[in-house]
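Worksheet: one structure, shown below.
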Amino acid sequence: MLDAKLVRTNPELVAQNLARRGYELDTRQLTDLESQRKTLQLQVEELRSQRTLRSKSIGQAKAQGKDIAPLLADVESLGAELKTAEAAFEQNQQRLRELFLGLPNLLHESVPDGDSEEDNQEIRQWGQPRTLDFTARDHVDLGEGVGGLHFDRAARLTGARFVVMTGQLARLHRALTQFMLDVQTTEHGYTEAYVPYIVNRKTLTGTGQLPKFEEDLFKLEGDSEYFLIPTAEVPLTNLVADRIIEDQDLPLRYTAHTPCFRSEAGSYGRDMRGMIRQHQFDKVEMVQIVRPAESYAALETMTGHAESILQKLELPYRVVALCAGDIGFGAAKTYDIEVWLPAQNTYREISSCSNCEAFQARRMGARWRNPETGKPEPVHTLNGSGLAVGRTMVALLENGQQADGSVKLPPALWPYMGSVRTLAAP
RNA sequence: GGAGAGGUGGCUGAGUGGUCGAAAGCGCUCCCCUGCUAAGGGAGUAAGGGUUAAAAGCCCUUCGAGGGUUCGAAUCCCUCCCUCUCCGCCA
């Protein structure tokens, strides 16, 4: 959510910034609602003030044994008047709330212009893609050869966009999550968390998935309004919802390994082959809660934390700054990390690190006590994948492949794989 | 699932339908006092919002959430959520 005061006092500036995303802010509607709000709020508060004043005088008169009948007659019409005013105000508030909850975050000035993926800006590359003296196989073929990747079985169990892993690939998947968690907790100072995979509407509104992106979520049947998490960002970030954090407790760094569930509505036909785009995938997530002045430095270090996983796994990648048109709803700035996939002969997203500034904090009511002002102020929140486990497996298989279809594993994983250093046909 | 108890400020914990945003204690901040420490004395200390260019001041809201009764609700009524204890069931 944007700062209401800023939007109110400077709608043109806000509109200009949002226009970079291709979002058109109806400033006319906004200022209309706002001036309405002002009138209605003043009216309601004045009526309430009157009511309190008179009620008190009734109390006093009663205590002194005076006749209260004339006083009662005096307030008679107040109640009805207040009720109508409150109803109008509440309606106005509702509309403003809906409008505000639908506004995306303001972009940081360093975000490059552009409408789509094409315009994202490459920041740096790491590692050299191998030149193969044979035709690269993709992870589906490699998984089949090495054994343990079963899309057909998953399709029968559930449907499209699911996978079953068995044997050494299931183990590799587990090894990867353990490895990632170990690095984030022991080397980068994150506190490991175990969190619910099912959350309520308020929580998803806090991080910005709701109300706008409900169709991307899996919703549970039942009396409670529950959703499967699309990312651990949701429970982890909401850990600080409705809290005031003391300065000395910042920054907070949380990590968690969770499955993520996404309906992938609107991506029919995209990445249908393989594990790239699934309804269920595992991810190790990083979340940071920081002082506002430190959030951009934190974005750089957090991106580095994601990169270090790829470096240890010896996977070539590049970092891109998302352009204005490609950046997510709640983010002010985002770096995507894209890993090299030989079979696709291109880089594909494997991590996304975002600074949401105060956008989520305002929605959640997450604040810190600024020692300079002594007042509670919204914190800044960041989140990043560290990393998406399924896509990391894809990258490991494809980048480690040998001419005979076996797959060499990087030394960083050896301790997690027992004695296995190469995945070969069983 | 059954029976009971309870949800009040950073924490503990009082609270009568009216002057209660709420006693008291702890914690915290500032000041005083003692050579230091320990102890003691005094003052202050919730959040959100509006009005304002901003502040001061003033006003509104908030005692788990939402409704209701009333001139007036932390206090009375209804519904829901959550926590605790006992019983049952259970990974």
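Note on naming: letters A, B, ... go to the chains in the order of the sequence lines (proteins, then strands), and numbering restarts at 1 for each one. All figures in this text were calculated on a predicted structure; none of them were measured in a lab.
- Between the C1' atoms of B:G68 and B:A53, the separation comes to 44 Å (whole Å).
- Under the 4.0 Å criterion applied to side-chain N and carboxylate O atoms, A:R48 and A:E86 are assigned as salt-bridge partners.
- Annotated stems with RNA chain B as a participant read B:1-7 with B:81-87, B:10-12 with B:24-26, B:27-32 with B:40-45, B:46-51 with B:57-62, B:64-68 with B:76-80, given as range with range, by first number; only runs of 3 or more Watson-Crick or G-U pairs under 3.5 Å qualify.
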Its contact letters, B for base, S for sugar-phosphate only and - for none at protein heavy atoms under 4.0 Å, make nucleotides 45-53 of chain B read --SSBSSS-
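- We find that CG of A:L40 is positioned 18 Å from P of B:C60, with the value rounded to whole Å.
- Spacing of P atoms, B:C36 relative to B:A24, comes out at 31 Å, to the nearest Å.
- Side-chain atoms of A:Y317 and A:Q311 form a donor-acceptor pair, as typed in the model, at a separation below 3.5 Å.
- Rounded to an integer number of Å, the gap from A:E90 CD to B:G66 P is 11 Å.
- By the 4.0 Å N-to-carboxylate-O rule, A:R97 lies close enough to A:E90 to be salt-bridged with it.
- The separation of B:A22 from B:A74, taken at their C1' atoms, amounts to 8 Å, rounded to a whole angstrom.
- Nearest-nucleotide assignment on RNA chain B puts the 5′-proximal partner with A:R48, out of A:R48 and A:V75.
- A salt bridge is defined here as a Lys NZ or Arg NE, NH1 or NH2 lying under 4.0 Å from an Asp or Glu carboxylate O, and A:E225 with A:R201 meets this definition.
- Ion pair A:D271/A:R348 flagged as a salt bridge, since at least one NZ, NE, NH1 or NH2 atom sits closer than 4.0 Å to an Asp/Glu carboxylate oxygen.
- Between the side chains of A:H150 and A:T166, a donor-acceptor pair is found at a separation under 3.5 Å.
- Atom-to-atom, CG of A:L78 to P of B:U70 comes out at 15 Å; the value is rounded to the nearest Å.
- A:R243 places its CZ atom 16 Å from the P atom of B:G9, with the value rounded to the nearest Å.
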Got a list of protein N/O to nucleotides 78-84 of chain B N/O distances below 3.5 Å?
none

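- Here the separation of B:G10 from B:G49, taken at their P atoms, is 15 Å to the nearest Å.
- Taking atom C1' on both nucleotides, B:A46 is separated from B:U85 by 32 Å, rounded to a whole Å.
- Qualifying ring pair (Phe, Tyr, Trp, His ring centres under 6.0 Å) partners for A:H380, counting only residues two or more places apart in sequence or in other chains: none.
- Residues A:T231 and A:K283 bring a donor and an acceptor atom of their side chains to less than 3.5 Å of each other.
- Taking the P atoms as reference points, B:G13 lies 22 Å from B:A47, given to the whole Å.
- The CG atom of A:D242 sits 15 Å away from the P atom of B:G64 (whole-angstrom rounding).
- Taking atom C1' in both B:C11 and B:G2, one finds a spacing of 34 Å when rounded to whole Å.
- Between A:E34 and A:R8 there is a salt bridge, since a side-chain N of the basic residue sits under 4.0 Å from a carboxylate O of the acidic one.
- Taking atom CZ of residue A:R51 and atom P of nucleotide B:C60, one finds them 10 Å apart after rounding to whole Å.
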Sub-3.5 Å pairs of nitrogen or oxygen atoms, protein against nucleotides 16-20 of chain B:
from	atom 1	to	atom 2	distance (Å)
B:G18	O6	A:K62	NZ	3.0
B:G18	N2	A:S55	O	2.6

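- One finds a side-chain N or O of A:S49 lying less than 4.0 angstrom from the OP1 or OP2 phosphate oxygen of B:C60.
- Interatomic distance, A:Q209 CD to A:I229 CD1, rounded to the nearest 0.5 Å: 10.0 Å.
- A distance of 6.5 Å separates CD1 of A:I350 from CG of A:L315, quoted to the nearest 0.5 Å.
- Between A:F359 and A:F329, the ring-plane angle classifies as perpendicular under the 30° and 60° cut-offs.
- Here the CD atom belonging to A:E46 is positioned 5.5 Å from the OG atom belonging to A:S49, to the nearest 0.5 angstrom.
- If you take OG1 on A:T381 and CG on A:L239, they are separated by 12.5 Å, rounding to the nearest 0.5 Å.
- Projected onto RNA chain B by closest heavy-atom contact, A:E246 and A:T9 fall at different nucleotides, the more 5' of which corresponds to A:E246.
- Qualifying side-chain hydrogen bond (donor to acceptor under 3.5 Å, both in side chains) partners for A:N383, counting only residues two or more places apart in sequence or in other chains: A:E233.
- Separation of the C1' atoms belonging to B:G88 and B:G27 is 43 Å when rounded to the nearest angstrom.
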